[in-house]
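Hydrogens, waters and symmetry mates are skipped; everything else that's a heavy atom, side chains included, is used. It should be emphasised that the depicted structure is a prediction, and the values quoted were computed from it without experimental measurement.
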Amino acid sequence: MHAMQYELTLPADYDMGIVRSRVARAGHLTDDWEGLGLKAYLIRERGLHGSPVNQYAPFYLWNTVEGMNTFLWGGGFQGLCDDFGRPGVQQWTGLAQEPGGAADSPAATAVRRRQRVPDGPALSRTVEEAAAEAGRLARLDGAVLAAAVVDARRWEVVHFSLWEQDAPKAEGDLFQVLHVSAPGRRRLPRGRQW
């Protein structure tokens, strides 16, 4: 499993209705994207749920590198670049993924929590703890999905979770979910991935 996210931070007075309309019009284009496990179309709105910014920040879980590369180099990503400019794309290697008890429910919110990998403790301990946290989050009421991923260049673990309710039981940056494309969600590997 591979994870990917880009963030478009927009002006404070930006009409987020433009992003909502864009997703309503084009979100279905990834509903059957080959190699995609899940794409959550996410936004944050300045002043809502503690967000300091207006932001469009889709989050992806990929089953295949080929699917991810086809999206980035084969046209899917180009439409966003044409409309907003080309953002940096963050990529992480999957550590763990678990469907939640509400896996078949539509997601209303997402939470992303970044955690620096500390110097000192063995890396095996850090990633075991991250995988365990994905499992713990998935078992909480209202969880649709929980994943843990790592960037070994910056030594950062990211915990990502989807929730059916507006008040999730996870801490971190809170996003509104506008649409979820999940053509290969059931094929995403479960549990720890090493």
**Study point:** Residues Arg185, Asp104; criterion salt bridge (charged side-chain N to carboxylate O under 4.0 Å, His left out); working and verdict
**Key:** CA-CA 11 Å; Arg185 186 181 78 184; Asp104 294 325; 3.7 Å; yes
Check your understanding: If you draw the axis of the six-membered ring of Phe160, does the NZ or CZ of Arg112 fall within 45° of it and under 6.0 Å from the ring centre?
Key ->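 The answer is no, since Arg112 fails at least one limit relative to Phe160.
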**Study point:** Six-ring centre of Trp155, Arg153 cation under 6.0 angstrom, axis tolerance 45°
**Key:**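 Not satisfied by the 6.0 Å and 45° rule.
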May I ask whether [X] and [Y] are part of the same hydrophobic cluster, defined by side-chain heavy atoms of I, L, V, M, F, W, Y residues being less than 4.5 angstrom apart, directly or through others?
X: Leu80; Y: Val180; result: no
X: Leu140; Y: Leu162; result: no
X: Tyr41; Y: Trp62; result: yes
X: Tyr56; Y: Ile18; result: yes
X: Leu178; Y: Phe71; result: yes

Point to revise | Steps toward side chain to side chain contact (heavy atoms under 4.5 Å, CB included) verdict (Leu145, Leu61) | key: CA-CA 11 Å; Leu145 170 143; Leu61 294 175; 4.0 Å; yes
**Study point:** Audit row: His2, Gln91, side chain to side chain contact (heavy atoms under 4.5 Å, CB included) steps and yes/no
**Key:** CA-CA 7 Å; His2 305 277; Gln91 295 183 31; over 6 Å; no
Flag the pair [X] / [Y] as yes when at least one side-chain heavy-atom distance between them is below 4.5 Å, and no otherwise.
X: Val117; Y: Leu123; value: yes
X: Met1; Y: Gln193; value: yes
X: Gln5; Y: Leu42; value: yes
X: Arg44; Y: His49; value: no
X: Pro99; Y: Arg190; value: yes
X: Arg20; Y: Ile43; value: yes
X: Glu34; Y: Pro183; value: no
X: Leu95; Y: Val149; value: no

Exercise for review: Just do the salt bridge (charged side-chain N to carboxylate O under 4.0 Å, His left out) check on Glu98 and Arg192 with the steps written out, would you?
Suggested key: CA-CA 9 Å; Glu98 293 289 349; Arg192 69 178 238 173; over 6 Å; no
Review point. Side chains of His159 and Gln115: do they bring a donor and an acceptor to under 3.5 Å?
Key: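 Checked: His159/Gln115 side chains pair up, N/O donor to acceptor below 3.5 Å.
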Is a side-chain donor or acceptor of [X] paired with a backbone partner of [Y] at a separation under 3.5 angstrom?
X: Asn54; Y: Leu10; value: no
X: Ser21; Y: Gly17; value: yes
X: Asn63; Y: Gly184; value: yes
X: Gln97; Y: Pro189; value: yes
X: Thr109; Y: Gln165; value: yes

Practice item. Begin from the C-alpha positions of Met4 and Trp92 and carry the test side chain to side chain contact (heavy atoms under 4.5 Å, CB included) through to its verdict. Key: CA-CA 6 Å; Met4 181 177 96; Trp92 301 275; 5.7 Å; no
[atom1] ([X]) with more than 12 external heavy atoms under 6.0 Å:
X: Glu129; atom1: CD; result: yes
X: Arg86; atom1: CZ; result: no
X: Arg46; atom1: CZ; result: no

Which heavy atom in [X] sits nearest to a heavy atom in [Y], and how many Å separate them?
X: Leu36; Y: Thr30; answer: CD2-O, 3.6 Å
X: Glu7; Y: Pro87; answer: O-CB, 4.2 Å
X: Glu164; Y: Ser105; answer: OE1-OG, 3.1 Å
X: Ala148; Y: Ala134; answer: N-CB, 4.1 Å
X: Leu29; Y: Asp32; answer: O-OD1, 4.1 Å

Point to revise | Criterion salt bridge (charged side-chain N to carboxylate O under 4.0 Å, His left out) on Arg136 and Glu133, from CA distance to verdict | key: CA-CA 5 Å; Arg136 185 190 74 77; Glu133 176 66 0; 2.8 Å; yes
Check your understanding: Is the closest basic N to carboxylate O distance between Arg114 and Asp173 below 4.0 Å?
Key ->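 No salt bridge links Arg114 with Asp173.
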**Study point:** Derivation and outcome, side chain to side chain contact (heavy atoms under 4.5 Å, CB included), residues Trp33 and Asp31
**Key:** CA-CA 6 Å; Trp33 197 276; Asp31 286 351; over 6 Å; no
**Study point:** Non-neighbouring partners of Tyr6 that pass ring pair (Phe, Tyr, Trp, His ring centres under 6.0 Å), sequence neighbours left out
**Key:**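 Tyr6 satisfies ring pair (Phe, Tyr, Trp, His ring centres under 6.0 Å) with Tyr60, Phe77 only.
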